Amino acid sequence: MSNTYKNWSMQTDAKGYCWLTLDRQNSSANTLGHVVLEEFEQILNDFQKNPPKALAIKSGKNSGFIAGADISEFVHIQTEAEANTMVRHVQDIFDKLEDFSFPTVAVINGFCLGGGLELALACKYRVALDTPKTKIGLPEIMLGVQPGWGGSIRLPKLIGTLKALPLIAAGKVLDARTAQKLGIVDVAVPERHLQAATEFYLSGTATLRQCGSLEKIIQFPFSRLVLGNIFKQQIAKKVNRKHYPAPFAVVDTWMKNSIYSSNAMRAEAESIARLMVTETARNLVRVFFLRDRLKSFAKTAKFAPQHVHVIGAGVMGGDIAAWCALSGFTVTVQDQYLPAVSATLKRAMQLYQRKFKVPYLVQAARDRLISDINGTGIAKADVIIEAIIEDATAKQELFAKLEKLAKPTAVLATNTSTIPLATIGKNMSQPNRVVGLHFFNPVSIMQLVEVVSDDNTNPEVVANASAFVGKIDKLALPVKSSPGFLVNRILIPYLLESATIYQEGVAAAVIDKAITDFGMPMGPIELMDAVGLDICVAAGKSMGVPMPAFVDDMVKAGKLGKKSGSGFYEYKNDKIIRPKVKTDNKIPPDITDRIILRLLNEAAACLREGIVKDADLVDAGMIFGSGFAPFRGGPLNYAKQIKPSAVVEKLDKLTVTYGARFVPDAEWSNI
Ligand code: NAI
């Protein structure tokens with residue numbers, strides 16, 4: 001058998017077991033591109049002629065098993081027919097793997113996603129490494145498509161449709177233990193047992209996993225009709241079919257074809273082929289690459305921080321400290337007020353229990369987070385993050401002190417949302433050391449961190465700060481120090497317009513529905529309540545676009561939004577009480593345009609002012625920092641899809657009706 005493949009290598013051990021290793025050339029992770037798959041097919045063809053005693057498929061990368069299909073090849077697929085041909089070919093390859101009579105084992109040493117799991121599902125057994133880095137699932141839905149290489153058939157066959165379809169429809173990614181519990185992997189073991197466990201399955205003595213006999217009944221046409229409709233109702237509670245057709249398509253395909261039907265694979269291929277050429281899929285693939293672009297900013301410096309010191313253990317500082325310790329850093333957390341640190345430790349524990357579940361991992365993270373009222377960590381830290389109250393004088397004093405106490409190589413970062421870096425560094429001898437690390441609330445959920453600099457900031461500091469952001473598994477977006485930076489600057493006019501429409505007499509729920517129908521994850525009125533009306537008022541003022549006076553009055557009356565139990569909406573036990581909308585409530589037809597176009601116009605202004613480098617970064621910032629409808633690919637991408645001339649035309653009309661705030665930005669002629 002030839003052993004001259006670019007991406008695969010093979011070894012046969014003394015027991016006669018063949019170990020096939022995938023180590024994709026010139027790539028840090030294994031993905032399944034056409035060359036990798038063609039080589040795999042040749043190898044399988046050889047096995048058909050000369051079968052090994054047993055076959056283990058493993059990864060040559062420490063990063064994990066296989067991350068999925070090579071998405072960069074998707075963008076070249078233009079038509080449904082092309083997509084179908086590609087998918088059917090890979091289905092055939094995986095069928096060959098499944099048809100072997102000798103034992104086949106996938107050795108999952110980390111992520112095993114999408115096409116990677118579909119390959120593993122075509123093996124007879126799956127052995128997974130039990131570490132937090134192991135992530136197993138079929139997240140194709142996140143790219144606007146569905147599993148197409150047999151995953152939507154083999155996973156239900158393995159664990160049952162009732163468990164498999166909701167996982168696929170939600171694009172859920174599981175840890176090794178959960179995957180074992182569900183039966184997706186045969187066993188999850190620590191590193192020291194991985195070899196022995198694999199050899200046990202290679203010996204062919206283990207029984208094959210199969211779902212129970214109930215599955216036969218579930219596949220009856222009537223069961224599929226009833227259950228399929230229930231599945232779709234559940235999905236419709238979370239996403240709009242018009243915006244995200246893929247999860248519905250998974251269920252529809254199953255409703256038409258039982259997993260045991262001879263047509264099942266063909267139907268799966270047809271469904272994914274249809275989805276691959278939709279605007280939603282194209283935009284979600286774009287989002288995938290935007291994420292990669294942001295990740296690349298973290299790769300320019302070889303900065304290897306170990307100790308983080310956070311000053312100010314409030315809403316933000318507390319959560320930032322907790323997150324950094326979760327990511328593996330030693331973290332000292334300081335506040336002038338001891339109860340703030342105690343509250344941080346308590347919140348952190350809840351976060352770790354939610355994220356890790358396993359007691360020893362929870363405890364390890366908790367041990368890394370250290371209360372440090374006297375600030376002894378300052379001198380040892382590689383990264384210092386200031387998150388004290390938003391007061392320029394307090395921050396100036398603090399940074400002047402930090403400069404003297406910190407290591408000369410330490411990154412000195414501020415989480416300010418409004419104060420220019422030049423102001424914060426005013427009393428320092430080297431103000432070019434200060435960089436902004438602007439996190440979003442809630443820290444554990446929001447992926448973006450704006451890395452703020454001005455013309456004076458040392459570029460090495462910016463590169464190190466960005467590298468740090470990557471190390472805590474967040475996405476770094478370099479932005480210029482300017483009021484509101486990128487995301488808040490674009491959001492404020494959008495929120496302001498929503499508040500103005502509310503003041504005109506439109507119910508909060510009506511406004512929010514218009515915008516969630518557009519595709520935002522949360523309506524703007526509910527968002528204001530969630531952020532805090534006091535913060536919205538302060539942010540508006542600092543950017544020179546004040547909120548309508550009635551919002552200020554609400555704040556003065558103690559109505560701060562969700563945190564005070566009352567704002568635009570009322571809240572009980574932190575849960576929103578959604579009012580019934582009266583049918584006689586007037587609904588102006590231009591609500592969506594007014595709100596969304598203010599956002600688009602501000603996005604164009606930011607591009608013109610160079611707040612970020614280019615239009616893609618404006619889009620990335622808004623998607624990862626504000627949740628802007630990902631299926632639209634970002635505000636400027638959306639504007640391009642509906643044509644900038646159409647945006648300008650609408651803005652002109654709104655200017656005539658509502659005034660100068662809608663005057664189209666000059667940048668539209670360049671977009
Ligand atoms: P917060 O009021 O919840 O917390 C501030 C904490 O700093 C308090 O615990 C206070 O005791 C402590 N503190 C004040 N002066 C101190 C000093 N000199 N030394 C040590 N501790 C001190 O404030 P929050 O909301 O966490 O904001 C902190 C910073 O983060 C501000 O600059 C704010 O603009 C920024 N920010 C806030 C966001 C939010 O959604 N709340 C979002 C992004 C940034």
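In this chain, residues are counted from 1 in sequence order. On a predicted model such as this, the values are computed, not experimentally measured, just so you know. Start at 1 and go down the list; that is how both ligands and their atoms are numbered.
A salt bridge is absent between K563 and D529: the closest approach of a Lys/Arg side-chain nitrogen to an acidic carboxylate oxygen does not fall below 4.0 angstrom. For the pair E602 and R661, the salt-bridge criterion is not met [side-chain N within less than 4.0 Å of a carboxylate O]. A salt bridge links E390 with K395: the distance from a Lys NZ or Arg NE/NH1/NH2 to an Asp or Glu carboxylate oxygen falls below 4.0 Å. Taking the charged nitrogens against the carboxylate oxygens, K541 and D552 do have a contact shorter than 4.0 Å, which makes a salt bridge. A salt bridge does not link D553 to K559: none of the charged side-chain nitrogens sits closer than 4.0 Å to a carboxylate oxygen. Salt bridge present: R489 and E609 bring a charged side-chain N and a carboxylate O closer than 4.0 Å. Of the charged side-chain nitrogens involved, at least one lies within less than 4.0 Å of a carboxylate oxygen, so that D614 and R293 count as a salt-bridged pair.
In this structure, atom 2 (O) of ligand 1 lies nearest to the protein heavy atom I389 CG2, 4.0 Å. Considering only non-hydrogen protein atoms, atom 34 (O) of ligand 1 sits nearest to S417 OG, 2.6 Å. Among protein heavy atoms, atom 38 (C) of ligand 1 sits closest to M316 CG, 3.4 Å. If you check which protein heavy atom lies closest to atom 8 (C) of ligand 1, you get D335 OD2, 3.4 Å. Among protein heavy atoms, the minimum distance from atom 30 (O) of ligand 1 is reached at N415 ND2, 2.9 Å.
With a heavy-atom cut-off of 4.0 Å, K395 touches ligand 1 through its side chain alone.
Here is the list of ligand 1 atoms found below 4.0 Å of a heavy atom in A340: 9 (O). Interface of T416 with ligand 1, defined as ligand atoms under 4.0 Å from a residue heavy atom, comprises 32 (O). If you number the atoms of ligand 1 from 1 as listed, the ones under 4.0 Å from a heavy atom of F439 come out as 42 (C), 43 (C). Proximity to N441 (heavy-atom distance under 4.0 Å) selects the following atoms of ligand 1: 40 (O).
Comparing I388, D534, V341, V531 against atom 19 (N) of ligand 1, the shortest heavy-atom distance belongs to I388. Scanning H438, Q336, K401 for the heavy atom closest to atom 20 (C) of ligand 1 points to Q336. Of the candidates A394, A313, G314, S542, G314 brings a heavy atom nearest to atom 1 (P) of ligand 1. Closest to atom 32 (O) of ligand 1 by heavy atom, among E386, K563, E390, M446, is E390.
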Inset, instruction - Apply side-chain hydrogen bond (donor to acceptor under 3.5 Å, both in side chains) to the pair Q641 and R632, showing each step before the final yes or no. - result: CA-CA 9 Å; Q641 281 174 341; R632 298 199 188 272; over 6 Å; no
Inset, instruction - Apply the test ring pair (Phe, Tyr, Trp, His ring centres under 6.0 Å) to residues F568 and Y502: give CA-CA distance (whole Å), side-chain angles for both, the deciding distance (0.1 Å), then the verdict. - result: CA-CA 9 Å; F568 286 99; Y502 176 88; 4.9 Å; yes
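Residue-to-ligand polar distances place V315 within reach of ligand 1: an N/O pair is separated by less than 3.5 Å. Any N or O atom pair closer than 3.5 Å counts here, and Q334 shares no such pair with ligand 1. Ligand 1 has no N or O atom lying under 3.5 Å from any N or O atom of I535, backbone or side chain.
Counting only heavy atoms, the protein never gets under 4.0 Å from atom 23 (O) of ligand 1.
Residues D590 and Y658 have side chains that bring a donor and an acceptor to within less than 3.5 angstrom of each other.
Heavy-atom neighbours of D473 CG from other residues, nucleotides or ligands within 6.0 Å: at or below the threshold of 12.
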